[in-house]
Amino acid sequence: MTGGKITRIKGVGEKKALLFERLGVDSVNALLHFYPRNYIDYSKITPLSETVLGEVSCVKATVFAAPVEHRIRKGMTLYKFKAYDDGTPLNITIFNNKYQAAKVKAGETYIFYGKIGGSLLWRDMAAPEILPVDYAKIRPIYRQTESLNTHYIEKVVKSALEKAVIEEYLPDEIREKYKLCKLSEAIKAIHFPENFKELYKARRRLVFDELFGLQLGMQVMKENRKIANSYEITADCTADFEKLLPFSLTGAQKRAINDCVGDMKSGKMMNRLIQGDVGSGKTAVAAAVCYTAAKNGLQAALMAPTEILAEQHFNSFIKMMSGTGLEVALLTGSTTAKKRAEILSRLKYGDIDLIIGTHAIIQDDVEFNKLGLVITDEQHRFGVNQRALLSAKGNNPHVLVMSATPIPRTLALMIYGDLDISVLDELPPGRQEIETFVIGGKLHERAYGYIRKHLDDGLQGYIVCPLVADDEENENSSKIAAENYAKKLKNGAFKGYSVGLLHGKMKSAEKEAVMHKFASGQIQLLISTTVIEVGVDVPNAVIMMIENADMFGLSQLHQLRGRVGRGKHKSTCILVSDAEGDEAKARLGVIKSTTDGFKISEEDLKLRGPGDFFGNRQNGLPAFKIANIFADIDIVRETKNCVTEILENDPTLSLPKNEPIKKEAGRIIEKMGKIEMN
Ligand code: ADP
Ligand code: MG
């Protein structure tokens, strides 16, 4: 049995159990899957004379005389002794550890593990680990927390393993086909491998399981969601919608809209992701889909991550939908109580066809009459739960999520395996190229001059403030930094120009007022923190300068830069950085060399890894325990094929041999549902 509570293991009481919980270990099973973060190889012993000063080594030496106690001062006692390996002396010091010192016997040989100090002729080691001479093992090192050190965890894992019965859930034929060892062997060997070959095999099996589980869970969820839907639409209104636009849709937009309408007509629920680079025109796609749903008698809701964005969508929807008879409303945190009450009652009554807003629309008291379509924009800003809350306001409504974070295909399959995907791989015509420069801080004045020239021509620009180190966490310090920076520019380089400031600490009404002034041209230069990152659309803004550019993630820089180059003018982006490191230079080089969001995200992923890629708060990706989707890309493919094969032969997993897999899938789905975000 591995499902039990961790307190069932000998030596683990309630107190320790709480500490284990902090490591995410809340059951025996979780403990067995709490893999070591590293290993120490005590089987590789270096002759003392060949050790390198300053390196951590494992040596074997015979104790010459028992440790001698030295009281240095109160609370500091040293135990010193000498040991020899083949004539080379090793001076060893133990600190304050009477117990350890007492165990060291003259004439005995031990393994000493620690950092080598000393000189050419003799070696020393301070506070080494001292092990029996026959301890030729690879030892696991665990992530530790206060008073749960790696050795204690090791002991607990060992005693758990003695009792555990680890059930196999992969059929033999799959294990053979993909050359996988048994799960029980893998779990044992990942903690206590006999040798590195065994460790490798164990890792392969566990990586396979992790990726297999994720993909299986996603696919099964996708199947489960393909439920009959009471909001089947009958009329395709795309052609009518297109007449409302001042432009014609791109081929990619048409395809995406078609995909969505097809889904909504299918009688099953739509579950689709629209992926499109910044500026690819996702809003128009969303509007077309909303329009179609509304014309078929359904209510639709569009949720955006910020008020600025929600307001912007609202304004463009109002423009598009005027004269269509459709009722569009905006609901955000700054909607007045009176207005809110009115909107809620009209929504419930079915008087509003289309509601656009922020989190405000998922609050408990928001009720719909017939919510048939929910859309989330910039979905990576929302957690699965928030999306679920929005969906729960209808009876399995159609779901559309939109993302401006283009991600490589393999990763998309991992994260969005449960969704159908449409890609907007074409930008609207007439887009101007954005020229990007990287400059050092000493060229500031010239850059300011260049920006002034644009403002003098009636164009507008952005300057993204220097990031303070803990910008994300502490909005207050970023507010102060932004205010000081803006003041400096207002009184200096941009004296006489109309300069606005935008930061996350401002009230939404203030933000809106500033954005409004900027959009209408009253503000020439907008100084801003990263709050402009998502979605803001002002075509007359053609130049952007980003301070401390090296401190941003590549995808974030790409998003920021996407605020310019949206109109008919040639646009410029100036990245200011004094970073010396090769990596920083390489990263800025990527931004300079391409505006292709897919390429950039691929580089970003390579440089930062998927965990950081989305930022911890914006995580849509489960944290992998052991898999690394770059290093293990072959296993990603293998598991994908494996899952496809299993489900093709047995879509409902009802064959007896697949019974354990079905159970496993259930467990995984339960876990996925629990991923909390934001
Ligand atoms: P994003 O995909 O980044 O959300 P938007 O939907 O904000 O992009 O669109 C960016 C800009 O392109 C907007 O000003 C929008 O009006 C315009 N646009 C969208 N589709 C087209 C099109 N087919 N032709 C011309 N302009 C378009
Ligand atoms: Mg957008």
Side-chain angles (χ1 to χ4, degrees), residues 238-239 241-260 272-291 302-322 356-358 375-382 400-407 421-434 460 462 515 518-521 530-542 544 555-569 571 595-598 600-601 618:
T238 317
F241 172 77
E242 205 173 348
K243 289 188 199 128
L244 306 172
L245 296 172
F247 46 74
S248 16
L249 295 166
T250 65
Q253 284 171 318
K254 278 188 191 151
R255 281 192 295 277
I257 294 168
N258 248 333
D259 290 344
C260 295
R272 187 168 288 278
L273 166 75
I274 305 277
Q275 241 202 355
D277 210 344
V278 279
S280 58
K282 290 184 289 296
T283 315
V285 173
V289 181
C290 286
Y291 178 82
L302 169 64
M303 181 163 69
T306 63
E307 297 206 356
I308 292 181
L309 212 51
E311 280 148 14
Q312 185 182 290
H313 282 329
F314 175 70
N315 292 332
S316 60
F317 271 54
I318 283 279
K319 240 187 256 159
M320 286 187 256
M321 311 283 179
S322 77
I356 297 171
T358 54
I375 304 184
T376 33
D377 190 16
E378 309 294 343
Q379 70 79 34
H380 66 285
R381 291 280 174 126
F382 294 103
L400 183 64
V401 297
M402 304 199 290
S403 168
T405 313
I407 49 175
I421 302 182
S422 301
V423 179
L424 296 183
D425 50 5
E426 188 182 341
L427 291 180
R431 279 293 149 77
Q432 290 298 321
E433 216 179 292
I434 306 172
Q460 290 163 281
Y462 298 98
M515 264 331 284
F518 187 63
S520 67
T530 53
V531 293
I532 48 152
E533 180 192 341
V534 251
V536 173
D537 187 33
V538 180
N540 193 47
V542 296
M544 170 177 281
S555 295
Q556 201 178 12
L557 285 175
H558 177 65
Q559 292 287 325
L560 284 168
R561 180 173 59 181
R563 301 305 112 221
V564 297
R566 300 175 78 86
K568 53 187 188 299
H569 306 281
S571 293
T595 50
D596 178 338
F598 280 91
I600 289 170
S601 73
Q618 314 173 358

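Every number for a ligand or one of its atoms is a count from 1 in the order of the listing. Sequential numbering from 1 along the given sequence is applied to the chain's residues.
To the nearest 0.5 Å, the span separating CE on M303 from OG1 on T376 amounts to 5.5 Å.
Using a 4.0 Å cut-off between heavy atoms, T283 contacts ligand 1 through both its backbone and its side chain. The proximity of M402 to ligand 1, defined as any non-hydrogen pair under 4.0 Å, does not occur for either the backbone or the side chain. Of the heavy atoms in L424, none comes closer than 4.0 Å to ligand 1. At a heavy-atom cutoff of 4.0 Å, ligand 1 is contacted by the backbone of S248 but not by its side chain.
The residues R272 and D259 are annotated as salt-bridged, a charged nitrogen and a carboxylate oxygen being separated by less than 4.0 angstrom. Of the charged side-chain nitrogens involved, none lies within less than 4.0 Å of a carboxylate oxygen, so that D277 and K282 do not count as a salt-bridged pair.
An N or O contact shorter than 3.5 Å is missing between A284 and ligand 1 by distance. Residue contacts with ligand 1: G279 is placed with a nitrogen or oxygen under 3.5 Å of a nitrogen or oxygen of the ligand (distance criterion only). Taking only nitrogen or oxygen atoms, main chain and side chain alike, K282 reaches within less than 3.5 Å of ligand 1.
When every heavy atom of L309 is checked against every heavy atom of A304, the shortest pair comes out as CB-CB, 4.1 Å. For M544 against L560, the heavy-atom pair with the smallest separation is CE-O, 3.2 Å.
Every atom of ligand 1 is numbered from 1 in the order shown, and the set under 4.0 Å from a heavy atom of L249 is 23 (N). Each of the following atoms of ligand 1 lies closer than 4.0 Å to a heavy atom of D277: 2 (O). Close approach of ligand 1 to T250 is summarised as follows: ligand atoms under 4.0 Å from at least one heavy atom of the residue are 23 (N).
Heavy-atom separations between G567 and ligand 1 are all 4.0 Å or longer. Not close to ligand 1: D377, with no non-hydrogen atom less than 4.0 angstrom away. Remark: distances from the non-hydrogen atoms of S280 to ligand 1 include one below 4.0 Å.
Residues meeting the side chain to side chain contact (heavy atoms under 4.5 Å, CB included) test with T283, sequence neighbours left out: H313, S316, F317.
Within the 4.5 Å cutoff, no side-chain heavy atoms of T530 are placed close to those of Q559. Side-chain contact check for T358 versus P305: every heavy-atom pair is 4.5 Å or farther apart.
If you check each of G281, A286, A252 against atom 8 (O) of ligand 1, the one with the closest non-hydrogen atom is G281.
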Review point. Checking side chain to side chain contact (heavy atoms under 4.5 Å, CB included) for the pair T595/R561: CA distance, chi angles, key distance, verdict?
Key: CA-CA 9 Å; T595 50; R561 180 173 59 181; 3.7 Å; yes
